[in-house]
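The structure appears below as structure tokens.
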Amino acid sequence: MNNLEEQRPSWDEYFLMIAKLAATRSTCLAFPVGAVIVKDKQVLATGYNGTPSGSIHCTTQGFCYSDLVSCDASSSLPSRAIHAEANAIAQAAKHGISTHGACIYVTLEPCLSCLKLIISAGIKEVYYETVFNSGNKQLVRDAFVADGLVTLKQIQLREEIAKQASSFLLNPTSIARTVLESSST
């Protein structure tokens with residue numbers, strides 16, 4: 001494999017980066033999360049976590065509830081946010097796009113509610129960056145996996161791919177490589 005090929009993101013890295021970009025749209029003060037639903041290496045829908053459409057965003061008002069900076073600061077009040085996975089599935093449904101047989105890339109391992117929604121939407125594979133479930137939640141998650149309902153795989157970006165993506169985000173990308181190479185010497 002040549003050097004340029006090694007710098008190219010794998011499909012998993014590519015879709016995880018898209019999920020990470022979707023997370024930048026999050027309006028949740030506690031956890032910015034992004035998701036992308038993919039089938040046959042094509043993006044079907046993206047989602048990020050935040051309040052329902054038409055509701056004032058937590059980031060706009062600067063709090064989730066009066067006197068509560070973040071939803072995760074309360075043990076009794078529910079989060080106002082719709083999770084990224086649910087929003088991606090809802091976007092696909094809203095536009096008549098089937099998610100049957102698709103996979104989903106998400107920046108945070110799906111909670112059990114989202115995992116059940118993912119399974120019910122016909123999504124068979126979940127790729128995630130950061131672990132979320134533990135204890136009894138992990139036991140339930142593992143039971144879904146053992147039953148063959150879904151597969152889960154934690155993935156990470158290689159550092160060199162993340163650096164390259166950062167460079168692409170910070171600089172014009174549609175410049176001949178020879179121009180970029182000569183300007184860096």
Side-chain angles (χ1 to χ4, degrees), residues 9-53 57-59 64 70-72 78-95 97-159 161-162 164-166 168-169:
S10 69
W11 285 109
D12 287 345
E13 289 171 319
Y14 174 70
F15 293 123
L16 179 59
M17 287 191 291
I18 293 172
K20 289 169 85 70
L21 282 175
T24 67
R25 294 281 306 153
S26 172
T27 62
C28 178
L29 295 168
F31 293 100
V33 180
V36 60
I37 300 172
V38 175
K39 186 172 185 179
D40 299 326
K41 295 186 174 122
Q42 296 296 311
V43 173
L44 301 181
T46 63
Y48 52 87
N49 60 332
T51 57
S53 293
H57 298 301
C58 298
T59 53
C64 294
S70 175
C71 292
D72 67 339
S79 172
R80 294 179 62 231
I82 299 170
H83 292 183
E85 306 92 322
N87 266 328
I89 292 168
Q91 284 300 311
K94 186 176 184 178
H95 297 285
I97 300 168
S98 172
T99 57
H100 183 76
C103 61
I104 190 167
Y105 290 81
V106 63
T107 59
L108 183 67
E109 177 187 6
C111 69
L112 289 182
S113 293
C114 285
L115 190 57
K116 290 184 280 186
L117 182 61
I118 287 166
I119 292 166
S120 293
I123 297 171
K124 295 291 187 186
E125 298 172 320
V126 177
Y127 299 90
Y128 63 93
E129 181 179 48
T130 304
V131 173
F132 178 74
N133 293 307
S134 61
N136 288 336
K137 292 177 182 179
Q138 187 176 355
L139 293 174
V140 174
R141 178 204 67 193
D142 292 348
F144 291 150
V145 171
D147 289 343
L149 301 175
V150 68
T151 61
L152 293 130
K153 182 178 179 186
Q154 186 176 13
I155 58 174
Q156 301 292 321
L157 292 178
R158 290 175 285 160
E159 185 175 346
I161 295 298
Q164 177 191 22
S166 176
F168 272 53
L169 290 171

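Note that these values count all heavy atoms, side chains included, but never hydrogens, waters or copies made by symmetry.
Contact annotation: the side chain of Leu169 approaches that of Leu21 to within less than 4.5 Å [non-hydrogen atoms, C-beta and beyond]. For the pair Ile18 and Val38, the minimum side-chain heavy-atom distance is 4.5 Å or more. Residues Leu157 and Lys20 are in side-chain contact: their nearest non-hydrogen atoms beyond the backbone lie under 4.5 Å apart. Using a 4.5 Å cut-off on side-chain heavy atoms (C-beta onward), Gln156 and Glu129 make contact. For the pair Ile123/Val150, no side-chain contact is recorded, criterion being any heavy-atom separation below 4.5 Å from C-beta on. When side chains are defined from C-beta on, Leu16 does not count as touching Tyr127, because their heavy atoms never get closer than 4.5 Å.
Annotation: ring-ring contact (aromatic ring centres under 6.0 Å, His included) contacts of Tyr14 (sequence neighbours excluded): Trp11. Qualifying side-chain hydrogen bond (donor to acceptor under 3.5 Å, both in side chains) partners for Ser10, counting only residues two or more places apart in sequence or in other chains: Glu13.
Annotation for Ser26 and Pro32: closest pair OG-CA, 3.4 Å, computed over non-hydrogen atoms. Smallest separation of non-hydrogen atoms from Glu109 and Tyr128: CB-CD1, 3.6 Å. Arg141 approaches Leu115 most closely through the heavy-atom pair CG-CD2, 3.7 Å. The two residues Ala23 and Val33 have their closest heavy-atom pair at CB-C, 3.6 Å. Taking all atoms of both residues into account, the shortest heavy-atom contact from Leu44 to Ser98 is CD1-O, 3.6 Å. Closest approach of Pro9 and Arg158 over heavy atoms only: CA-NH2, 4.0 Å.
Panel note: side chain Asn87, backbone Tyr48; a donor-acceptor pair is recorded below 3.5 Å. Between the side chain of Asn49 and the backbone N or O of Ala81, no donor-acceptor pair lies under 3.5 Å. The closest donor-acceptor contact from the side chain of Thr99 to the backbone of Ala121 lies under 3.5 Å.
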Identify every side-chain donor-acceptor pair in residues 100-107 under 3.5 Å, counting partners at least two apart or on other chains, and give the distances.
from: Tyr105; atom 1: OH; to: Asp12; atom 2: OD1; distance (Å): 2.6
from: Thr107; atom 1: OG1; to: Gly34; atom 2: N; distance (Å): 3.1

From CA spacing to verdict: side-chain contact (heavy atoms from CB on, under 4.5 Å), Leu117, His83: CA-CA 11 Å; Leu117 182 61; His83 292 183; over 6 Å; no
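More than 12 heavy atoms of other residues, nucleotides or ligands shown are found within 6.0 angstrom of CG on Asp147.
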